[in-house]
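Here you go, one structure.
Labels below follow one simple rule: chain letters A, B, ... track the order of the sequence lines, proteins then strands, and each chain is numbered from 1. Both backbone and side-chain heavy atoms feed into the values below; hydrogens, waters and symmetry mates do not.
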2 protein chains.
Amino acid sequence: MSQDINAVMNEYLPLRDVVFQTLRQAILRGELEPGERLMEIHLANRLGVSRTPIREAIRKLELEGLVVMIPRRGAIVASITEKDLKDVLEVRRTLEIMAGEMACERITPELLEQLKSAGEEFRRLKDTNDFTSLAEVDVKFHDVIYAATDNQRLITILNNLREQMYRYRLEYLKDTGSHERLNTEHYEIYEAIRKGDKTSASAAIGRHIDNQRDAILAAIREHEKEENNKTDKNGKMKPRNAE
Amino acid sequence: MSQDINAVMNEYLPLRDVVFQTLRQAILRGELEPGERLMEIHLANRLGVSRTPIREAIRKLELEGLVVMIPRRGAIVASITEKDLKDVLEVRRTLEIMAGEMACERITPELLEQLKSAGEEFRRLKDTNDFTSLAEVDVKFHDVIYAATDNQRLITILNNLREQMYRYRLEYLKDTGSHERLNTEHYEIYEAIRKGDKTSASAAIGRHIDNQRDAILAAIREHEKEENNKTDKNGKMKPRNAE
DNA sequence: TTATACTCTTATGTATACAAAAAACACAGG
DNA sequence: CCTGTGTTTTTTGTATACATAAGAGTATAA
């Protein structure tokens, strides 16, 4: 019942956190594009708050690497280079495998059931055009594995690494040709974890991430090709400002 | 020469960053103890700035997990439970091994030389009582391995994980009995990386971290025993406030 | 036309002000 | 002595003010 009190109290969220989550989502979804300036007054007017919570939110985005600060010029949305993405995926591959192996040992029957459901849900959705739901259920599938590790630090890091690629997630899921393969990989991963077979789990997850990497790198290259069309004859980017 | 201009320009550091680094060091070194409140006005007076940079620094510490926010109560230095430390060390073990294996493939001659130097420096210091220098050179040794990975994301994460244990670093290095073993382990790691022998590197680093884990967990238990002596008869902690 | 100096505007960095929540305190009543 | 209640104090959360740096624009001179 002290839980109930807590639940009531937790309804309060500081404005800075609302702003943080709002900006964060906007960046990860690509609504704010790399290179775009985050101007405090504009954001403050847009969100109906003062500069203070905006600035505090930007400090968090800064630490997370989603924006970079230019001294006395403010924050701009961080660009992700192909090298950055490769680095992220390299680390993520290792940690996803680690999570899978830990899940083999530690997963509970409930979580195993959820893993199965997520896999089946993906299979049902894979031939539709509902890419958003498909992405969500894919996230769910991996979330279950993370949860099974019972290691909060690992979960936090993996979530962060995964979010670095949200901008490209929908892009590469639109390549419907890969859905069948994703589905197969999910099944392999599920089976390996169910049996507690760390070797198979490790191999299946490794393949899964490798495929994802290739798809994402293809998507980012496509994206960059488009971007280049927006550059002027001197090869300089057109300035893009926040509204 | 545009470098020179940059060097001059980089002399400027926003107050918020100075405050951030100051508070961060104070927490990691244990000068601010877990549970201690960070009161904005006091800190502002102490550091001779206004609340604004203090608050922005706290936002970063919050995201880093070094402080936890209590709504409308402010920030307190985060406590690390034994479970937290185990989680951190579990992830760190995996990533340190990953870094070591990558170093086997990618290390440059210069970095290999630095690795050797760091190892020798450690050997020279291991029988002195200069624990601070010993800790520094131990950090240096691992930094070289990180640098050899050529993966900035991995480096950032590893640094962060390592820093989570700075509070206990000096504690466990005071256990002089372990110095000889640490020295041996460094040598094994160096040799494995020099030969490009991923299997040996992986094994040596794994042992290294395992030993470190045991030492740190022993230190934290010792620490907690002391802490319990500070609790009153009701088992409640004595409040500790920032000056 | 191009370069340069000067102004003017805009946005950041820091300090301060103000409202409201929480804690500390004091006091009356059992 | 304890307990509950009203009051004061402290501290946070948010808004605003002010100084200054960076950039944009403008006019002038070569």
Side-chain angles (χ1 to χ4, degrees), chain A residues 2 5-23 32 35-63 67-77 232 234 236-243, chain B residues 2 5-6 8-23 32 35-63 67-77 234 236-243:
Chain A
S2 90
I5 293 170
N6 246 312
V8 171
M9 291 180 69
N10 284 350
E11 284 177 19
Y12 167 79
L13 245 195
L15 286 182
R16 57 169 185 265
D17 290 339
V18 177
V19 173
F20 173 60
Q21 289 176 10
T22 304
L23 294 180
L32 294 171
E36 194 165 328
R37 283 186 70 181
L38 294 183
M39 281 187 296
E40 299 168 5
I41 299 177
H42 295 181
L43 291 172
N45 293 338
R46 204 137 140 44
L47 302 178
V49 299
S50 79
R51 283 175 60 206
T52 307
I54 302 282
R55 286 180 64 82
E56 299 194 2
I58 288 177
R59 295 289 84 75
K60 295 216 223 173
L61 296 172
E62 179 190 356
L63 196 78
V67 306
V68 295
M69 298 304 300
I70 302 176
R72 294 189 207 278
R73 280 285 291 154
I76 63 174
V77 178
D232 64 25
N234 297 325
K236 287 183 72 172
M237 300 291 272
K238 283 182 194 165
R240 277 183 304 249
N241 293 315
E243 161 197 350
Chain B
S2 92
I5 294 170
N6 245 312
V8 171
M9 291 181 67
N10 284 350
E11 284 177 20
Y12 167 79
L13 245 194
L15 285 182
R16 58 170 183 264
D17 290 339
V18 177
V19 173
F20 173 60
Q21 290 175 10
T22 305
L23 293 180
L32 294 171
E36 193 166 328
R37 282 185 70 182
L38 295 183
M39 280 186 297
E40 298 167 6
I41 300 177
H42 295 181
L43 292 172
N45 293 339
R46 204 134 141 46
L47 302 179
V49 300
S50 79
R51 284 175 58 208
T52 307
I54 302 282
R55 286 181 64 83
E56 298 193 4
I58 288 177
R59 295 289 84 73
K60 295 215 220 173
L61 296 172
E62 177 189 357
L63 195 77
V67 306
V68 295
M69 299 305 300
I70 303 177
R72 293 189 207 277
R73 281 284 291 152
I76 64 174
V77 178
N234 298 324
K236 286 184 75 173
M237 301 291 270
K238 284 183 194 163
R240 275 183 305 248
N241 292 317
E243 163 198 348

Roughly how far, to the nearest 0.5 Å, is CG of L13(B) from CD of Q21(B)? 6.0 Å
Could you check how far CG of L13(B) sits from P of dT12(C), rounded to whole Å? 19 Å
From T22(B) OG1 over to D17(B) CG, what is the distance, rounded to the nearest 0.5 angstrom? 10.0 Å
D17(A) CG to dT12(D) P, in whole Å, measures 16 Å
Measure CG/L43(A) against P/dA15(D) and give the value in whole Å, please. 14 Å
Sorted by chain and number, sequence neighbours left out, side-chain hydrogen bond (donor to acceptor under 3.5 Å, both in side chains) with R55(A) holds for E40(A), E56(B)
N/O (side chain, H42(A)) to phosphate O (OP1/OP2, dA11(C)) under 4.0 Å: yes
Rounded distance (nearest 0.5 Å) linking atom CG of L43(A) with atom CZ of R37(A): 11.0 Å
Please state how far atom CZ in R37(B) lies from atom C1' in dA24(C), giving the value in whole angstrom units. 12 Å
Using a cut-off of 4.0 Å on non-hydrogen atoms, how would the nucleic acid contact of L15(B) be classed: base, sugar-phosphate, or nothing? sugar-phosphate
Distance-minimising heavy-atom pair for R51(B) and A44(B): N-CB, 4.1 Å
Tell me: CD of E40(B) to C1' of dT16(C), nearest whole Å? 14 Å
Rounding to an integer number of Å, can you tell me how far M39(A) CE sits from dT9(C) P? 17 Å
R72(B) has a side chain; which of dT14(C), dA21(C), dA11(C) sits nearest to it? dA21(C)
In whole Å, what is the span from the CD1 atom of I58(B) to the C1' atom of dT14(C)? 16 Å
Nearest 0.5 Å please: distance from the CG atom of L23(B) over to the CZ atom of R46(B). 9.5 Å
DNA chain D contacts among residues 48-57 of chain B, heavy-atom distance under 4.0 Å: R51(B), R55(B)
Please report the closest heavy-atom contact between I76(A) and I70(A), naming both atoms and the distance. CD1-CD1, 4.1 Å
Report the distance from atom CD1 of I70(A) to atom P of dT12(C), rounded to the nearest whole Å. 11 Å
Within the pair R73(B) and dA23(C), is there a side-chain N or O less than 4.0 Å away from OP1 or OP2? yes
